[in-house]
Amino acid sequence: MKKILFVTSEAYPLIKTGGLADVSGSLPIALDALGQDVRIAMPAYADLLSSLGDLPSKRINQAGGAVEIFETKLPGTSIPVWLVSHEGAFDRSGNPYLAGDGKSWPDNAERFALLCRVSVEIAMNRMGFGWKPEIVHCNDWQTGLIPALLEDEVDRPATVYTIHNLAYQGLFPRELFRKLGLPQRFWSPNSLEFYDQLCFVKGGLVYADRINTVSPNYAVEIQGKEFGCGMEGLLRERKERLSGIINGIDEEAWNPAADPLIPNPFGLGGMAGKEMNKATLQQRFNLAVDKEIAVIAMVGRTVQQKGIDLVIEALPKLMDLPLQLAILGSGEKKYEQTLKHWNSLYPDRIALKLGYDEPLAHLIEAGSDLFLMPSRFEPCGLNQMYSQRYGTVPIVRCVGGLADTVEDASPSNLEQGRASGVVFHEASAEALLQAIMRALDLYKLKPQWRKVQRTGMKKDFSWKQSAKKYLDLYGLAVQDRQGKGNRTA
Ligand code: ADP
């Protein structure tokens with residue numbers, strides 16, 4: 001049994017803004033099922049704390065003021081969660097990272113540096129919990145300083161740093177480096193400096209014993225210029241320590257046979273429920289109720305990364321095709337406004353719900369025929385896996401985790417019974433359009449269509465396999481740590 005401290009800035013169902021929360025809410029459960037002792041540390045966001053009622057807590061005085069750590073459990077499990085609170089850091093309502101105007105909170109560097117410092121204290125068993133992890137598993141830039149700060153500790157745990165999305169790097173002006181009082185030796189291009197800025201991600205990339213990303217393909221892609229976001233050189237240098245492990249999905253929450261958020265359950269044994277869900281979805285969205293027409297869905301952030309601009313560019317031609325579009329998402333205002341405009345032009349063909357709506361996301365997966373993910377880059381992606389499970393055939397660009405999890409409906413894949421979606425390559429509206437036309441052709445050929453649906457529905461996207469790979473990775477990190485010895489010892 002290994003003792004693992006899992007540090008994250010969000011975890012489903014406590015708080016979620018994206019895929020990181022899904023991983024943080026699922027991987028610890030899968031590790032727990034494998035007999036590991038895993039505990040989570042994360043911020044005590046105000047809305048979260050007030051929703052949890054009275055919790056036991058510990059107060060510890062630190063140089064920067066009192067830190068209070070509330071203790072709870074990941075809902076429905078016995079996994080301990082430590083919620084880190086500090087006056088002025090997380091005790092405000094709203095999004096964890098963004099203020100009401102959609103811009104980053106101005107003190108994000110201080111807020112997440114605090115999370116890192118307190119996590120180091122927990123990791124070194126200085127918080128009075130009587131528990132010292134062998135591994136600290138850090139996730140994304142908000143936790144990036146932890147491997148760096150732990151370097152100075154004698155007898156520190158091993159560190160694993162997971163990149164969920166390299167495009168978010170935690171970059172801050174140089175003044176912040178001074179303000180945070182970080183050791184001077186960290187101000188170097190070989191350390192936390194990135195072109196005269198403080199870079200949280202580099203704390204993980206430079207100092208973690210092991211680095212991984214959320215798909216094998218993305219682990220390769222980020223070593224090149226196109227996807228490396230300026231970190232490709234460093235990642236190539238550390239490639240012996242870099243690997244990719246595909247995310248699993250929460251197979252209980254996303255199970256079409258027992259999903260409480262959809263009106264009609266269905267599965268490999270019977271697909272009638274899916275047809276009924278399609279009618280419900282069309283009604284709910286004021287689309288013409290028609291079981292023949294293909295419903296193509298999109299759920300996610302309306303940002304360039306997700307290729308929403310490609311979809312918008314393709315819309316005039318898409319409206320000449322026999323299809324309906326159902327879009328749920330929020331993100332950049334300019335894309336939201338353009339989508340609203342198209343929705344008003346074709347109210348019975350384009351359905352749009354702006355905002356975050358978990359139950360609706362389930363109904364969309366359950367009631368649609370096809371799912372669009374034309375991402376420019378995609379570290380792992382979850383919706384293409386949910387889609388396959390729900391018999392909703394994904395149309396994806398061949399990048400990152402999408403390439404690892406969807407098999408194209410090419411003639412040979414179809415013949416071998418491997419095809420589970422439609423995969424295209426170029427990031428252009430034209431390539432997307434061609435892919436959609438190919439998908440619509442497949443949709444018409446019912447026996448083949450059903451085979452593709454069934455192939456997707458049968459796939460194993462559970463966390464079990466991936467959790468075992470994380471365990472192996474933790475083992476390697478501990479070995480590396482032992483091999484390295486103590487810098488300060
Ligand atoms: P991201 O890059 O945003 O993390 P992922 O595909 O990895 O993308 O994960 C996104 C997760 O958030 C999925 O579970 C998806 O269903 C969910 N999601 C995104 N936007 C919305 C929304 N507007 N409403 C409901 N769920 C959403």
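Numbering of residues begins at 1 and proceeds along the displayed sequence. Atoms within each ligand, like the ligands themselves, are counted from 1 in listed order.
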With ring centroids as reference points, do [X] and [Y] lie under 6.0 angstrom apart?
| X | Y | answer |
| --- | --- | --- |
| F172 | W141 | yes |
| Y474 | H137 | yes |
| Y168 | F200 | no |

Just to be sure I'm reading this right: ignoring hydrogens, which of [options] gets closest to [atom]? Compare them by their nearest heavy atoms.
| atom | options | value |
| --- | --- | --- |
| atom 8 (O) of ligand 1 | M373, R301, K306 | K306 |
| atom 12 (O) of ligand 1 | H362, K353, K16 | K16 |
| atom 15 (C) of ligand 1 | N383, D250, N165 | N383 |

Considering only protein heavy atoms, which is closest to [atom], and at what distance to one decimal place?
| atom | value |
| --- | --- |
| atom 6 (O) of ligand 1 | L382 N, 3.1 Å |
| atom 24 (N) of ligand 1 | D357 N, 3.0 Å |
| atom 19 (C) of ligand 1 | G300 CA, 3.7 Å |
| atom 22 (C) of ligand 1 | Y356 CD1, 3.5 Å |

Side-chain donor-acceptor pair present, [X], [Y], cut-off under 3.5 Å:
| X | Y | answer |
| --- | --- | --- |
| T8 | S24 | yes |
| D259 | Y390 | yes |
| K459 | S420 | yes |

Under 3.5 Å, N or O to N or O, is [X] touching ligand 1 that way?
| X | answer |
| --- | --- |
| Q305 | no |
| E358 | no |
| S330 | no |
| G19 | yes |

Checklist entry - Does G355 have a non-hydrogen atom less than 4.0 Å from ligand 1? => result yes
Checklist entry - Is it true that C380 lies under 4.0 Å from ligand 1, counting heavy atoms only? => result no
Next on the checklist: Looking at Y12, I'd like to know if the NZ or CZ of K16 sits under 6.0 Å from its six-membered ring centre while staying within 45 degrees of the ring's axis.
Outcome noted: yes
Next on the checklist: Which of the numbered atoms in ligand 1 are under 4.0 angstrom from any heavy atom belonging to G329?
Outcome noted: 23 (N)
Checklist entry - Which one holds for H164 and ligand 1: side chain close, backbone close, both close, or neither close, with close meaning a heavy atom under 4.0 Å? => result neither
Checklist entry - Taking heavy atoms and a distance under 4.0 Å, where does D22 meet ligand 1: side chain, backbone, both or neither? => result side chain
Checklist entry - Side chains of V201 and L166: does their closest heavy-atom pair fall under 4.5 Å? => result yes
Item to check | Parallel, tilted or perpendicular: ring planes of Y470 versus W463, cut at 30 and 60 degrees | outcome: tilted
Checklist entry - So does R284 have more than 12 non-hydrogen atoms from other groups sitting under 6.0 Å from CZ? => result no
